Amino acid sequence: MHPEYNPSDVEAKWQKKWADAHEFEFDIKKAKNPYYLMVMFPYPSGAQLHVGHWFQYSIPDSFGRFQRMRGKDVFHPMGFDAFGLPAENYAIKTGTPPAKSTQENVDAMIEQFKRMGVMFDWKYSLNTSTPEYYRWTQWLFLQMHKHDLAYRKEGNVNWCPKDQTVLANEQVKDGCCERCGTEVIQKPLTQWYWKITDYAQRLLDGLENLVWPEKTKLMQQHWIGRSEGAEIIFEIANDEKRAPWAEDEAPSKITVFTTRPDTLFGVTYVVLAPEHPLVEKITPEKHRGAVNAYKEEVKKKTEMQRTALEKDKTGVATGAYAIHPVTGEKLPIWIADYVLMNYGTGAVMAVPAHDERDFAFAKEYSLPVIQVVDGGDITESAFTSEGIATNSEFLDGLPTKEAKKKMIAWLEDAEKGRGIINYRLRDWLVSRQRYWGSPIPIVYDPEGNPHPIPEKHLPWMLPTDVEFKPTGKSPLTESKEFIERTEKIFGKGWTPEFDTMDTFVCSSFYYLRYLASGDDKHLIDPTIEKKWMPVDMYIGGPEHATMHLIYARFVMMALKDFGFVSHEEPFQRLVHQGLITNQGAKMSKSKGNVVSPDSFVEEYGSDVFRMYLMFMGPFTDGGDWSDTGIKGIARFVQRVWRLISEKSDAKVSDSRDVLMKLHRTIKSVTDGLETLHFNTAIASLMELLNTLESQEKISLETAQTFAKLLSPIAPHLAEELWSTLGGKGFVIDQSWPQFDHAQLQSDTLTIVVQVNGKLRGDITVDAKAKKEDIIAEAKKDPNVAKYIESGIKKEIYVPEKLVSFVV
RNA sequence: GCCGAAGUGGCGGAAUUGGUAGACGCGCACGACUCAAAAUCGUGUACCGCAAGGUGUGAGGGUUCGAUUCCCUCCUUCGGCACCA
């Protein structure tokens, strides 16, 4: 008699045995066959782990166990992305210091992870909000600064006038403050940026060799937004009515960017972004009123409203004129909000005949439209495709591609422009007017010039004498200790930088710090980095496709240039897990639709729960939560437990059919786990179990192989089974079963017979049968014979699969 | 608007160098065991049809002996970008 499998006892037992044997304690120095498996680290929220966490962390653990059994030394660390808004907001609400609530949450989460039965070695953990970690965040800032990749400039932030606070993009809902509903305005602020744009081309090129979802690569390509074109210089017409300015700073030219230099002869006006610094200088007195009024109007619009306008183009003429670089014609200069200051040069040459936005604008303000590319009708809309140049002097008759080249060559000769590549990527704004982040390691002298804090003062501690109430300034400005500390070290009148760093900075290099084992002298040991990087498999949500995954790549490239690492790319293979929803909606505390795994784990055990999550569908798809099928997995576990131990017999050997099924299962489980199709891997184990069930007895070897195949996906059950079957040591330490090609082949084949593509029968033939014999056999099938009476026109034979007759 | 992914039984999903659509599981129905229930086991389960047979992978067309798979048009859902010059 076999007692029922009791998951809670068995799982607790094996978790203890693993711990006692130090089974999952890792040594990155000793590892011989490194495999670096990382899952994006969580934010330590106060809520319990939910079904989504189990999906995200238990399934990769199964993948790690599989790689481990295949002989890899799998390093699979876990840490916490602990700086960020929620803890700060919680502090504003309750007064609890973020450091305190964060630590409590981290501790609680670690306890829950342990119950999951995952292989994390907590000795390698990290927490980005600890001084031991953020000293490296600050070190990274200093390195960026040292290599001229960090600079300050004025930029706009989302500002809530009522709450007196800077808002993150996700706190802005429909142009209003998420909390109080006040309309959010754009406020200029001087902040720190990192020059990620210097790396645009490398970030683009590097994508090619990465084993990443194509979709993600494409998103990064769009994000980087490379476009080839030309910068063209338009002189400003010398007009006595223009604005007064000092002779030496007289602006004399506007530089525009265009991807269509071939249409230069079709330019009928020039447009500047309303924020363009030249606007003020070129606008003649007479037009200032209208221009300033328009600028005010644009400033009031949030980004949302500005982009929602779609078709209605607005703008105003500045009254100034530009000179066409080839024809010398005078072209009016307009300002319009459809031209963006942060793309290209903030100025465009308008070719209404061949650009939709210019066309709409020209129609609105009755500006001339000149066709310079043949091949389309421009009476109703712009013709934006390529064609043959016309009305274009020396370009006439050339196809677009050649016309572009010739125009660029002409401009370069005449020194009126040049061919350039433009990127949409913008520099990374790393300043945050927040408390709960890493302080920026910069101090200002009494004249206000920034100076990097010498490395010996790191970690540059985050002060604690701060109230968390919003005041309109960075919270650190309140800290007396912070200011006193700065003056004590640097001198009277010196002040610290009060902003903290974006949390994406913390997560841009954490893959290196896991490997550093807390080393406080070096970011990472170069030999360890060489051995372990890049990360072999990185798993995380698709919401990080651009931001985090581009920042991390940029930082790795920069660190390589600085000489600290040997690799260019941090993540070799990337997989996005799907999202587990509840009734179609993302699980969140605010919606109150969070599903807790606790009651299921208690009833069925963690093996069943994680297996059920795997069985729901492909890992990359996620799915809508429903507990209706979990019983099927629970049944499977009980049947495995009962049948495998009951039927195994060291004295029997298996039939050819059983061996074939076994080897086919080894193959499909291996393929399934390698490609993260855990659902099909489990299905094929179920099929194998169904086959074994019909046997009187099975060999001990087959039973043990079953336990091994089960081990990554149901680790506790597999250990229990393995020990019951007399296996030595832990099943997780066994090597992964190999399949034998010879055993995959059946002695007979089923050949399908079609007539005119319709299935009419099937025949069973010897695996070695010849084509002619198989076709002859197919013709004899009584049902097939009926359909081929009228005569066969064509015979098609697909080896080992089918015969098709055309009549 | 543009870019990308997807759409298969009552449900989750299998199957793609084009070759038996619906593996595996859930649910459901009937049966066995039971005083009974649960659990377990067995049988059946895409649709229409008594059957022969026919239909069927979002809709419509195309290529092919043969299409869930390839091509075109459209619809729906999801994700991303959003006046990018």
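This is a predicted model, so every value here is computed, not measured. In what follows, chains are A, B, ... by sequence order, proteins preceding strands, each numbered from 1.
In terms of position along RNA chain B, the nucleotide closest to A:Ala683 lies nearer the 5' end than the nucleotide closest to the other residue of the pair A:Gly346 and A:Ala683. The residue among A:Leu218 and A:Asn783 whose nearest nucleotide of RNA chain B is located toward the 5' end is A:Leu218.
Between A:Lys794 and B:C65 there is a side-chain polar atom (N or O) within less than 4.0 angstrom of OP1 or OP2. Using a 4.0 Å cut-off, no side-chain N or O of A:Arg760 falls inside it from OP1 or OP2 of B:G66. A:Asn679 has no side-chain polar atom (N or O) that falls below the 4.0 Å cut-off from OP1 or OP2 of B:C24. Checking the phosphate oxygens (OP1, OP2) of B:G25, a side-chain nitrogen or oxygen of A:Asn690 falls inside 4.0 Å. Listed pair A:Lys586 / B:C78 fails the phosphate criterion, with no side-chain N or O lying under 4.0 Å from OP1 or OP2. For the OP1/OP2 pair of B:U40 and a distance below 4.0 Å, the side-chain nitrogens and oxygens of A:Arg635 include at least one atom meeting the criterion. Proximity of A:Arg424 to the phosphate of B:A82: no side-chain N or O atom is located under 4.0 Å from OP1 or OP2.
A straight line from OH of A:Tyr343 to P of B:A82 spans 13 Å, rounded to a whole angstrom. Across the protein-nucleic acid pair, A:Phe361 atom CZ and B:C84 atom P stand 15 Å apart, rounded to whole Å. Taking atom CG on A:Leu688 and atom P on B:G25, their separation rounds to 12 Å, with Å as the unit. Atom CG in A:Asp337 sits about 10 Å away from atom P in B:C83, given to the nearest Å. Computed from coordinates, the A:Lys758 NZ to B:A67 C1' distance equals 13 Å when rounded to whole Å. One can place CD1 of A:Ile788 at 14 Å from C1' of B:C65, the figure rounded to the nearest angstrom. Between the CD1 atom of A:Ile796 and the P atom of B:G19 there is a distance of 14 Å, rounded to whole Å. A:Glu603 has its CD atom 11 Å from the P atom of B:A39, to the nearest Å.
Here, B:U76 and B:A52 have their C1' atoms 39 Å apart, quoted to the whole Å. B:U55 and B:A36 have their C1' atoms separated by 45 Å, with the value rounded to a whole Å. Spacing between B:G62 and B:A15 at atom P, rounded to whole Å, works out to 30 Å. Distance noted for atom C1' between B:A82 and B:U17: 38 Å (whole Å). Comparing the same atom, P, in B:A67 and in B:C74 gives a spacing of 24 Å after rounding to whole Å. Between B:G79 and B:C30, the distance separating the two P atoms is 42 Å to the nearest Å. Comparing B:C35 with B:C24, their P atoms are spaced 34 Å from each other, to the whole Å. A distance of about 26 Å separates the P atoms of B:U73 and B:G80, rounded to the whole Å.
When the shell of 6.0 Å around CD of A:Glu364 is examined, it contains more than 12 heavy atoms from other residues, nucleotides or ligands. Applying the 6.0 Å contact sphere to CD of A:Gln201 captures more than 12 heavy atoms from other residues, nucleotides or ligands. The 12-atom threshold is exceeded at CD of A:Glu543, counting heavy atoms of other residues, nucleotides or ligands nearer than 6.0 Å.
Here A:Phe504 and A:Trp428 keep their ring centres 6.0 angstrom or further from each other.
For the residue pair A:Leu685 and A:Ile713, the shortest heavy atom distance occurs at CD1-CD1, 3.5 Å. Nearest heavy-atom pair across A:Leu574 and A:Pro213 is O-CD, 3.3 Å.
Residues forming a salt bridge (Lys or Arg N to Asp or Glu O under 4.0 Å) with A:Lys779 (at least two apart in sequence, or on another chain): A:Glu795. Remark: A:Arg760 engages no residue in a salt bridge (Lys or Arg N to Asp or Glu O under 4.0 Å) (not counting sequence neighbours).
Checked by atom type and distance alone, the side chain of A:Gln220 pairs as donor or acceptor with a backbone atom of A:Ala545 at under 3.5 Å. Of the possible donor and acceptor atoms, one in the side chain of A:His576 sits under 3.5 Å from a partner among the backbone N and O of A:Gly540.
Residue pairs that meet the ring pair (Phe, Tyr, Trp, His ring centres under 6.0 Å) test with at least one member in residues 610-632 of chain A, sequence neighbours left out, are A:Phe55-A:Phe619, A:Phe600-A:Trp625, A:Phe609-A:Trp625, A:Tyr612-A:Trp625.
Counting only N and O atoms by type, the side chains of A:Ser8 and A:Asn6 include a donor and acceptor under 3.5 Å apart. A:Tyr343 and A:Ser227 are linked by a side-chain donor-acceptor pair at a separation below 3.5 angstrom, with hydrogens and angles left out of the test.
Between A:Asp671 and A:Lys667, at least one side-chain N (NZ, or NE/NH1/NH2) sits under 4.0 Å from a carboxylate O, which counts as a salt bridge. A:Glu693 has no carboxylate O lying under 4.0 Å from a charged side-chain N of A:Lys661, or vice versa, which leaves the two without a salt bridge.
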With pairs defined as Watson-Crick or G-U wobble and both distances under 3.5 angstrom, please note down RNA chain B as a dot-bracket string, | for pairing with another strand. (((((((..(((......[....)))((((((.......))))))(((....)))..(((((..]....))))))))))))....
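The base of B:G19 is paired with the side chain of A:Gln754 by a donor and an acceptor separated by under 3.5 Å. Taking only distance into account, the side chain of A:Lys313 meets the base of B:C83 through a donor-acceptor pair shorter than 3.5 Å.
Each of B:G53, B:C81, B:A23 was ranked by its minimum atom distance to the side chain of A:Tyr787; first place goes to B:G53. Set against B:C83, B:C3, B:U20, the side chain of A:Val752 has B:U20 as its closest nucleotide. Checking B:A15, B:G4, B:A85 against the side-chain heavy atoms of A:Val339 singles out B:A85 as nearest. For A:Asn756, whose side chain is taken as the heavy atoms from C-beta onward, the closest listed nucleotide among B:A85, B:C65, B:A14 is B:C65. Side-chain proximity of A:Leu759 to the nucleotides B:G27, B:A21, B:G53 is greatest for B:A21. Residue A:Arg639 has its side chain nearest to B:C41 when only B:C65, B:C41, B:U20 are considered. Closest contact between the side chain of A:Arg642 and the listed nucleotides B:C3, B:G13, B:C41 involves B:C41.
Using a 90° window around 0 for the glycosidic torsion, B:G9 falls inside it and is classed as syn.
Listed in residue order, the members of residues 799-807 of chain A having a heavy atom less than 4.0 Å from RNA chain B are A:Lys801, A:Leu802, A:Ser804, A:Val806. For RNA chain B, the neighbouring residues in residues 609-633 of chain A, judged by any heavy atom under 4.0 Å, are A:Phe615, A:Met616, A:Pro618, A:Thr628, A:Gly629, A:Gly632.
Note on A:Lys786: only backbone sugar-phosphate atoms sit closer than 4.0 angstrom, heavy atoms only; bases stay farther off.
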